[in-house]
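The structure appears right after this line, and notes come after that.
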Amino acid sequence: SSQQETIAAFTADSDTALLYHFDDLTESKHGDSNVVTGPHFELSTAQKKFGTKSARNYNIDQSYGYHAANNRFQVGTGALTVEGWCYPVGGSDSYAGMVGRWWTDGNIFDVRYQSGDAGGNFSVHDSTSIRNSGVAFSTNTWSHFAWTRDGSGNNALWLNGVQKTTWSNQNSMSLGTKDLLFGVTDSGTGYHYNGYLDEIRLSTVERYTSTFALWYAILPLRYSSKALYIITLLAIHYSSFFFPMLYFVSSFQFSLSLK
């Protein structure tokens, strides 16, 4: 399907392998209820990108969530997208995992808030090497992150709709029967992420191939319709009253065009 403005939570399509809204502890594509909270991993209303809640993780020992015995993300050497929204509050461990699991468990990935030696950068371990975007996440704000791979092994990291780095690797990628972890890289040794997560989606398709960040998010995303966006954009474009406001508006939060 074509790329569309982000005006709501993700929906599960035929290319969606796993989807977590974190309004509850259910995996939304298949309805699995076995997304388990740990001692310090919880659902929270304090911050949320869409819906009513998000997942809150802390930099505390054994703070993480997981989807048990998950065998639904078996992409092999094919295309993939791992994406979501994060709201870091700082103080994460080095190599702090947001979604995935420690790469030494096999042909498995982890998407990271790479603090410490990498200064809070967005990165991924693709079971071969750490692939660093070179760009740090902003704290106390929502950011969209995505790791994509096409069917030929061309990988990319995207932050708020902008491609930050590319590389080539076509390792076979599979969770097998391992748990998918949230907020930690390794349930045994730690590397905890400190912040909120929302709208985590794993797909068996390359969802982004070009820059998809837009500057005109002037309405609250969670309460807006696509028709209202279009009407507002037309008003901005054709009304001289709005032209002096364009620079001011451009400083607002990015809206993303999602496939």
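Residues take their numbers from the sequence shown, with the count starting at 1.
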Ser63 versus Val184, closest heavy-atom pair with distance: O-CB, 4.1 Å

Side chain to side chain, Thr52 and Thr45, heavy atoms closer than 4.5 Å: no

Distance, nearest 0.5 Å, that separates CG of Leu159 from SG of Cys86: 7.5 Å

Pairing residues for Tyr58 by the ring pair (Phe, Tyr, Trp, His ring centres under 6.0 Å) criterion, not counting sequence neighbours: none

Polar contact flag, side-chain donor to acceptor under 3.5 angstrom, Ser203-Asp15: no

Near-ring test His67/Tyr20, centroid separation under 6.0 angstrom: yes

Side chain to side chain contact (heavy atoms under 4.5 Å, CB included) partners of Thr26, counting only residues at least two apart: Asp24

Over 12 non-hydrogen atoms of neighbours within 6.0 angstrom of NZ in Lys53: no

Heavy-atom donor-acceptor pair, Asn132 side chain to Gly134 backbone, under 3.5 Å: yes

Val35/Tyr66 under side chain to side chain contact (heavy atoms under 4.5 Å, CB included): CA gap, chis, key distance, verdict: CA-CA 6 Å; Val35 180; Tyr66 64 94; over 6 Å; no

Separation between CD of Glu27 and CG of Leu202, rounded to the nearest 0.5 Å: 9.5 Å

Smallest separation among heavy atoms of Gln170 and Gly151, with atom names: NE2-O, 2.7 Å

Residues in side chain to side chain donor-acceptor pair (under 3.5 Å) contact with Ser123, at least two apart in sequence or another chain: Gln114

Atom of Ala96, atom of Thr185 and distance for their closest heavy-atom approach: C-OG1, 3.5 Å

Pairwise side-chain contact, Asn59 with His192, heavy-atom cut-off 4.5 Å (strictly under): yes

Phe122-Phe137 aromatic ring centre distance below 6.0 Å: yes

All pairs passing salt bridge (charged side-chain N to carboxylate O under 4.0 Å, His left out) where residues 128-148 contributes a residue, at least two apart: Asp126-Arg131

Check against side chain to side chain contact (heavy atoms under 4.5 Å, CB included), Val82 and Val99: CA-CA 9 Å; Val82 179; Val99 56; 3.9 Å; yes

Partners meeting side chain to side chain contact (heavy atoms under 4.5 Å, CB included) with Thr165 (sequence neighbours left out): Leu157, Trp167

4.5 Å side-chain heavy-atom contact, Phe73 and Leu180: no

Shortest non-hydrogen separation from Pro88 to Tyr193 and the atoms involved: N-OH, 3.3 Å

Minimum heavy-atom distance between Leu43 and Ala55, given as atom pair plus value: CD2-CA, 4.4 Å

From CA spacing to verdict: side chain to side chain contact (heavy atoms under 4.5 Å, CB included), Val135, Asn121: CA-CA 5 Å; Val135 180; Asn121 285 352; 5.5 Å; no

Partner residues of Thr148 under the side chain to side chain donor-acceptor pair (under 3.5 Å) criterion, sequence neighbours left out: Trp158

Residue list, side chain to side chain donor-acceptor pair (under 3.5 Å) with Arg56, at least two apart or on another chain: Asn194

Thr81 side chain to Val205 backbone, donor-acceptor under 3.5 Å: yes

Pair Phe109 + Trp147: ring centers closer than 6.0 Å: yes

Set of residues satisfying side chain to side chain contact (heavy atoms under 4.5 Å, CB included) with respect to Ser28, sequence neighbours excluded: Leu19, His21

Pairs involving residues 143-170, ordered by first then second residue, that meet salt bridge (charged side-chain N to carboxylate O under 4.0 Å, His left out) (sequence neighbours left out): none

Carboxylate-amine/guanidinium contact Asp13 Arg207, below 4.0 Å: yes

Audit row: Asp110, Arg101, side chain to side chain contact (heavy atoms under 4.5 Å, CB included) steps and yes/no: CA-CA 5 Å; Asp110 59 85; Arg101 64 177 302 120; 5.8 Å; no

Interatomic spacing from CZ in Phe10 to CD1 in Ile200 - rounded to 0.5 Å: 8.5 Å

Qualifying residue for side-chain hydrogen bond (donor to acceptor under 3.5 Å, both in side chains) with Asn169, from Thr77, Thr128, Asn155: Thr128

Pair Glu83 + Arg201: basic N to acidic O under 4.0 Å: yes

Heavy-atom side-chain contact between Phe182 and Asn57 under 4.5 Å: no

Output field: ring centroids Tyr95/Tyr113 closer than 6.0 Å: no

Which residues share a side chain to side chain contact (heavy atoms under 4.5 Å, CB included) with Thr11, sequence neighbours left out: none

Interatomic spacing from CD in Gln47 to OG in Ser54 - rounded to 0.5 Å: 7.0 Å

Residues forming a ring pair (Phe, Tyr, Trp, His ring centres under 6.0 Å) with Tyr196, sequence neighbours excluded: Tyr87

By side chain to side chain donor-acceptor pair (under 3.5 Å) - contacts of Asp198 (at least two apart): none

Separation of Ser143 OG from Lys49 NZ (nearest 0.5 Å): 9.0 Å

CE-CG distance between Met98 and Leu197, expressed to the nearest 0.5 angstrom: 7.0 Å

